[in-house]
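Quantities reported herein were computed from a predicted structural model and do not represent experimental measurements.
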Amino acid sequence: MPKEYRTIQEVAGPLMLVQGVENVAFDELAEIELASGEKRRCRVLEIDGGNALVQLFESSAGINLASSKVRFLGRSMELGVSEDMLSRVFDGLGRPIDNGPEILPEKRLDINGLPMNPAARNYPQEFIQTGVSAIDGLNTLVRGQKLPIFSASGLPHAELAAQIAKQAKVRGTSEPFAVVFAAMGITFEEANFFTESFRETGAIDRTVMFVNLANDPAVERISTPRMALTAAEYLAFEKDMHVLVILTDITNYADSLREVSAARKEVPGRRGYPGYMYTDLASLYERAGRKKGKAGSITMIPILTMPEDDKTHPIPDLTGYITEGQIILSRDLYRQGAQPPIDVLPSLSRLKDKGIGEGKTRKDHANTMNQIFAAYARGKEAKELMVVLGEAALTDIDKLYAKFSDAFEKEYVSQGYNTNRDIEETLNLGWKLLNILPRTELKRIKDELLDEYYGKI
């Protein structure tokens, strides 16, 4: 039976100081029992001799220092896992919130997981089809990759996340595919949007959802992605599933980290975020990947809203260092009505070359991808020139590039949130758009591919 302490000295916001404790460890789970018998969970943040600084997961309202008692449970926070988690919705602490029964766990896992040994990693190289042309065709997602979406306030990242979660699949394999979806600090309306859109399409059957609402405690927000990744590791490495983890919104997570850090009176780093934020984010992102000897994998799409649309803000900046590229949403394209408004030029998937080509997508993929990038970039330049100097200043070929740029945004990028394009459809659409340009301009495509596809689609 855990020892009880009635030595709470102070309660300040979510923090509580307990004195005279013995054999208590950092990150250990505890529970506080109020005079009424109500129990609340907390965890150890700091140990200094016999003093323990404890952080509450719930509100500190109603705690009476004299009559409340604290029990330290001798273990860190755990999640009970089982295959029954699929199709269920949990809160940020892993408790069911869909009116369904409690999960009967097959085992209990520490939510902090174990970092993957670099020597035990397999290289990501299998194509994952999201059904979104701007990702599949130009910034390809590969199994085991971490590919974040950089959004901004008011942009439709929720719709894009739901679309990817509904449509994503590993082609050419019958291996089971699951989605683990973790939402941090979102509104009730957003949470409802995700659950309803998954239910409508039946995607909920292969999805595990963890939802932390904006009015839930900041501390719970810090445990939410760890709960989700623990469920993902179990499904991937013990049940051999391909798991896609979508985390939204990392900005809310980082803000909670800052809030808790300020409550602990730590020395702030850039913009008030704690100096260890890089390490903390890495401890989440690095849980994605493939392991040697294991059939399953974890692919991760973290979503973050860039404060003030600033790529150099600490959250997108650090995320960009740890992950393998980024998909960037554009406010300009959003204003023009593009759905989804993916800005393909600054977007990047560092592993795209590993997941494309013959046997994975199609032999013309790499060539057409490079040609489309180049043509779109030149078309954007031509349009900028047109704004400054007028259309008369453009050469005939510049006008064709400008036409290509417009058609590319309207047809290729803006496909709508309910359109699921397979990779052949995306590649064929690319050829159809390249037909706007004369064959002599397509210098990045091999002649034999031009002979086979140019003007034929």
Here the pair of heavy atoms bringing A168 nearest to R206 is O-NH1, 3.1 Å

Could you tell me whether K311 sits above the aromatic face of F150, with NZ or CZ closer than 6.0 angstrom to the six-membered ring centre and within 45 degrees of the axis?
no

Decide yes or no for K383 and D406: does some side-chain heavy atom of the first lie under 4.5 Å from some side-chain heavy atom of the second?
yes

N212 to P217 - nearest heavy-atom pair and separation
ND2-O, 4.0 Å

Check whether more than 12 heavy atoms from other residues, nucleotides or ligands sit under 6.0 Å from atom OH of Y321, and answer yes or no.
no

Answer yes or no: is there a side-chain heavy-atom contact under 4.5 Å between F408 and I372?
yes

Tell me, do V245 and I298 make a side-chain contact under 4.5 Å, heavy atoms counted?
yes

Minimum heavy-atom separation for S347 to I342, with atom names?
OG-CG2, 4.3 Å

For the pair Q339 and S414, evaluate side-chain hydrogen bond (donor to acceptor under 3.5 Å, both in side chains) and give the outcome as yes or no after the intermediate values.
CA-CA 5 Å; Q339 295 181 332; S414 184; 5.6 Å; no

Within a radius of less than 6.0 Å around CD of E102, do more than 12 heavy atoms belonging to other residues, nucleotides or ligands occur?
no

Would R362 and N428 satisfy side-chain hydrogen bond (donor to acceptor under 3.5 Å, both in side chains), going step by step from the backbone distance to the final call?
CA-CA 11 Å; R362 206 167 73 182; N428 290 345; 3.0 Å; yes

Can you find a heavy atom in the side chain of F181 that is under 4.5 Å from one in the side chain of F210?
no

What residue among K354, Q145, Q326 forms side chain to side chain donor-acceptor pair (under 3.5 Å) with S349?
Q145

Please assess Q163 against V132 for the test side chain to side chain contact (heavy atoms under 4.5 Å, CB included), listing each intermediate value before the final yes or no.
CA-CA 8 Å; Q163 182 176 16; V132 179; 3.9 Å; yes

Do the non-hydrogen side-chain atoms of I222 and R226 ever get within less than 4.5 Å of each other?
yes

From OG (S297) to CZ (R121), nearest 0.5 Å
12.0 Å

Under the 6.0 Å and 45° cation-pi test, does R258 pair with Y273?
yes

Checking S87 against D205 for the side-chain hydrogen bond (donor to acceptor under 3.5 Å, both in side chains) test, could you report, in this order, the C-alpha distance in whole Å, the side-chain angles of both residues, the deciding distance, and whether it holds?
CA-CA 4 Å; S87 82; D205 294 341; 5.2 Å; no

Show, in sequence, the C-alpha distance, side-chain angles and deciding distance for Y285 and T319, and conclude whether the side-chain hydrogen bond (donor to acceptor under 3.5 Å, both in side chains) test is met.
CA-CA 9 Å; Y285 298 151; T319 295; 3.0 Å; yes

Contact check, side chains of L247 and I303, non-hydrogen atoms, under 4.5 Å:
no

Can you check whether H313 reaches R270 side chain to side chain, under 4.5 Å on heavy atoms?
no

What are the two closest heavy atoms between P156 and L329, and how far apart are they?
C-CD1, 4.5 Å

Of all the heavy-atom pairs spanning A158 and F193, show the shortest one and how long it is.
O-CE2, 3.7 Å

Does NZ in K265 sit with more than 12 non-hydrogen atoms of other residues, nucleotides or ligands closer than 6.0 Å?
no

Does the side chain of S223 come within less than 4.5 Å of L93's, by heavy atoms?
yes

